[in-house]
There are 2 protein chains.
Amino acid sequence: MARARTSSGKVRLTEVAKLAGVSPITASRFFRNPEALSPGKRERVENAARQLGYVPDLAARALASRRTEVIGVLIPSFTNNVFSDVLRGIYDGSGESRYSIQLVNTHYSILQEEKLLQLFKAQRPAGLVVTGINQTDESRAILESMNCPIVQIMELGPDPVDMMVGFSHNAAAFEVISHLISLNFKRIGFLGARMDPRVQRRLEGYTDAMKRASLYDPRLIIATPVPTSVTMGGTLFADLLMKAPDIDAVFCVNDDLALGTLFECQRRQIQVPEDVAIVGFNDLEYMASAVPPLTSVRTNRYDMGKTAITMVMDAIEGRRPATSVIDLGYELMIRRSSAARRA
Amino acid sequence: MARARTSSGKVRLTEVAKLAGVSPITASRFFRNPEALSPGKRERVENAARQLGYVPDLAARALASRRTEVIGVLIPSFTNNVFSDVLRGIYDGSGESRYSIQLVNTHYSILQEEKLLQLFKAQRPAGLVVTGINQTDESRAILESMNCPIVQIMELGPDPVDMMVGFSHNAAAFEVISHLISLNFKRIGFLGARMDPRVQRRLEGYTDAMKRASLYDPRLIIATPVPTSVTMGGTLFADLLMKAPDIDAVFCVNDDLALGTLFECQRRQIQVPEDVAIVGFNDLEYMASAVPPLTSVRTNRYDMGKTAITMVMDAIEGRRPATSVIDLGYELMIRRSSAARRA
DNA sequence: CAATGCAGTGGTAGCGCTGTCAATAATCAT
DNA sequence: ATGATTATTGACAGCGCTACCACTGCATTG
């Protein structure tokens, strides 16, 4: 039809406008705010666009409008199951929208994060999702100078840059320990790896609860900066047994460590929960089908991602949420691995 | 210093050029191909850019050059551990480059994939990474019309669209079953969930090996389209026991199913491997620390991602690989769960 | 020594779209 | 009926960058 004359045969807005018998600017409006057109023209443009198979050129749009439809997402790790759920929420939430996700990995480094924020700033994203609340001062300054909606996810804190979706890791850990104490466990160990800010807060919750019950003993705590894994769970639990052979329960900062601990117990013929109770964190799917089923803290990771991205998209379009800080909570999933202690 | 006059205070190429005392086009060249400048000007532009904190506007560049520096990546699932490793490889591989990754989720739907490819086509990506080789004819046509390097990952097949990085799922499964048969296992069950193309190929490998040894029996096969999970592993294994109570081994198409099977065995006091041997697939980290350690097929997921993205980036820049199809292989990790059968 | 090549540089002209503002048509209150 | 307001539309002028081609000056060739 020799209509599209660009090298690639790409259909431009002008062609659509011509076919619809309107000016290019009107056609342009159709794609951004159809309500603004009279019904007649709206339909004509719609038909023309469909007929020509028109797809807007995002680069041209970004250049002309001086903004992009990209939402930046900073995540500290791809390995972690936790973040894969968050990501799924983010991608599902943004799937049908006009926004596209630009994902980057900070590798748990706040300096890397700062560098990536700098890069993002130059690209003028429409919105941003960042993990955690422990940004450097520099990062914080960049975030505040960035004229777009921002959601911090995974945890809550006193002064959000803008919006926040998370839950209290501290309170969750406190509740875990309180639960164990109420069942008469006394020598409750703590197993932590990676020790990122969220894990630190779980340690705080543990410490608070133990101190309050006068059960605190630093020998009960194993915390290593090495990455977490099931195997590491077994290793750390073995360390703990060495330091404190009289433990009667273990709180693992994540489910992989808990599973590793369970395997180590099986290897050593330690009965769970009769000899040692085990509690994990995140409630990954496998926790319920382990033998015995493992107690854990259910966190709403998928919802966190979905809520965060929805808040950002809404805010970009001027629909600010009523409350800018959302606590998604957690739920203690009590299973046999922390069943009542024999008297 | 009132130099940047754009509303946002953004520094433009023109400013850099002015400060460096060169024409804008020369400054532009500096960022794309510094070799083309004389050393003197190169340094002057470099200094000017640093001094002004210049960052190129990607939208303007994309519009003017009619190409982007975006590499599209189509993945069928974010939940799956397998893909999180692949993604990590992709992001690590592209991290320091000028390319950015545009990730989309096909949710294991080839129609969704087709739609997403259409979208990508309109954005003229610099390269593309797609999962698998089972595209629709439409998708295939789009891919072929797309004038950019493309890598298909996860498996190998006879006619690559362009490049390929993967391994033979069929051969891997065949080797698993041959291994079990060599240990005198005879009633070897198959547990499959999701049944995506890769899993189908593992079933083919299983079937081939069983038939060749005259051990094939359709009652030994459990295959369901529902998503995979540890819990589902237990459920499917229970089904299998119902259909074929005399099984002496199980090949699970992934490690989650294998772990679920192990748990189900523990629940039913079935000894592994004395009563039933278990083999998984992918060799996730936890397989080695389970009790007993679980046999699995190690696949090079991280390398697959990293290799794929490197091939795409190289090809974009004209460095075509010597061979366009790369077989990353696999390795049978034999552990106690498939130890030799008592005679 | 003219013809040729080539590295290095700059001028011109957009890439495809949208912000701004003005113009017009349609609707309303008085 | 009148001016005022609102809905709808279009003209213009770029957004910041690069493709394309032309030009310069110097080295190489026979």
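Quick caveat, the model's predicted, so the values are computed rather than measured. Numbered from 1 within each chain, the chains take letters A, B, ... in sequence-line order.
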Between [X] ([atom1]) and [N] ([atom2]), how many Å, whole number?
| X | N | atom1 | atom2 | value |
| --- | --- | --- | --- | --- |
| B:Glu35 | C:dG8 | CD | P | 10 Å |
| B:Glu15 | D:dC15 | CD | C1' | 13 Å |
| A:Lys18 | C:dG16 | NZ | C1' | 14 Å |
| B:Arg44 | C:dG8 | CZ | C1' | 13 Å |
| A:Arg12 | C:dT18 | CZ | C1' | 16 Å |
| A:Leu13 | D:dT9 | CG | P | 15 Å |
| B:Arg124 | C:dC17 | CZ | P | 11 Å |
| B:Asn33 | C:dT9 | CG | P | 12 Å |

I want to check one thing: is the phosphate of [N], taken as OP1 and OP2, less than 4.0 Å away from some side-chain N or O of [X]?
| X | N | value |
| --- | --- | --- |
| B:Ser28 | D:dT18 | yes |
| A:Arg67 | C:dG19 | yes |
| B:Thr14 | D:dC17 | no |

* Under 3.5 Å, side chain of B:Asp314 to main-chain N/O of B:Arg319, donor-acceptor pair present? -> no

* Pairs where residues 139-153 of chain A contributes a residue and the test side-chain hydrogen bond (donor to acceptor under 3.5 Å, both in side chains) is met, not counting sequence neighbours -> A:Lys121-A:Ser145, A:Gln135-A:Gln152, A:Thr136-A:Ser139, A:Arg140-A:Glu144, A:Arg140-A:Asp159

* **Residue of the set B:Arg98, B:Arg61, B:Glu46 for which side-chain contact (heavy atoms from CB on, under 4.5 Å) holds with B:Phe31** => B:Arg61

* Just grab all the salt bridge (charged side-chain N to carboxylate O under 4.0 Å, His left out) pairs involving residues 26-38 of chain A, residues at least two apart or on different chains. => none

* Is a salt bridge present between B:Arg12 and B:Glu15, judged by a nitrogen-to-oxygen distance below 4.0 Å? -> yes

* **A:Arg66/B:Asp57 salt bridge by N-O under 4.0 Å criterion** => no

* Does the ring center of B:Phe83 lie less than 6.0 Å from the ring center of B:Phe78? -> no

* Which residues within residues 53-63 of chain B lie with some heavy atom under 4.0 Å of an atom in DNA chain C? -> B:Leu63

* Closest approach of B:Ser84 to A:Thr79 (non-hydrogen atoms, all atoms of both residues) -> OG-O, 4.3 Å

* To do: Compute whether any side-chain donor of one residue and acceptor of the other, for B:Thr307 and B:Thr310, lie under 3.5 angstrom apart.
  => no

* **salt bridge (charged side-chain N to carboxylate O under 4.0 Å, His left out) against A:Asp85, all qualifying residues, sequence neighbours excluded** => A:Arg88, A:Arg301

What pairs of nitrogen or oxygen atoms, one from the protein and one from nucleotides 10-14 of chain D, lie under 3.5 Å apart?
residue : atom : partner : partner atom : Å
D:dG10  : OP2  : A:Ser23 : N            : 3.1
D:dG10  : OP2  : A:Ser23 : OG           : 2.9
D:dG10  : OP2  : A:Thr26 : OG1          : 2.4
D:dG10  : O5'  : A:Ser23 : OG           : 3.4
D:dG10  : N7   : A:Arg29 : NH2          : 2.8

* Chi angles and distances behind the side chain to side chain donor-acceptor pair (under 3.5 Å) call for A:Glu317, A:Tyr99 -> CA-CA 11 Å; A:Glu317 286 160 19; A:Tyr99 300 99; 2.8 Å; yes

* Asked: What does the inter-axis angle of the helix from C:dC1-D:dG30 to C:dT30-D:dA1 come out as, five pairs per end, nearest 10 degrees?
  -> 20°

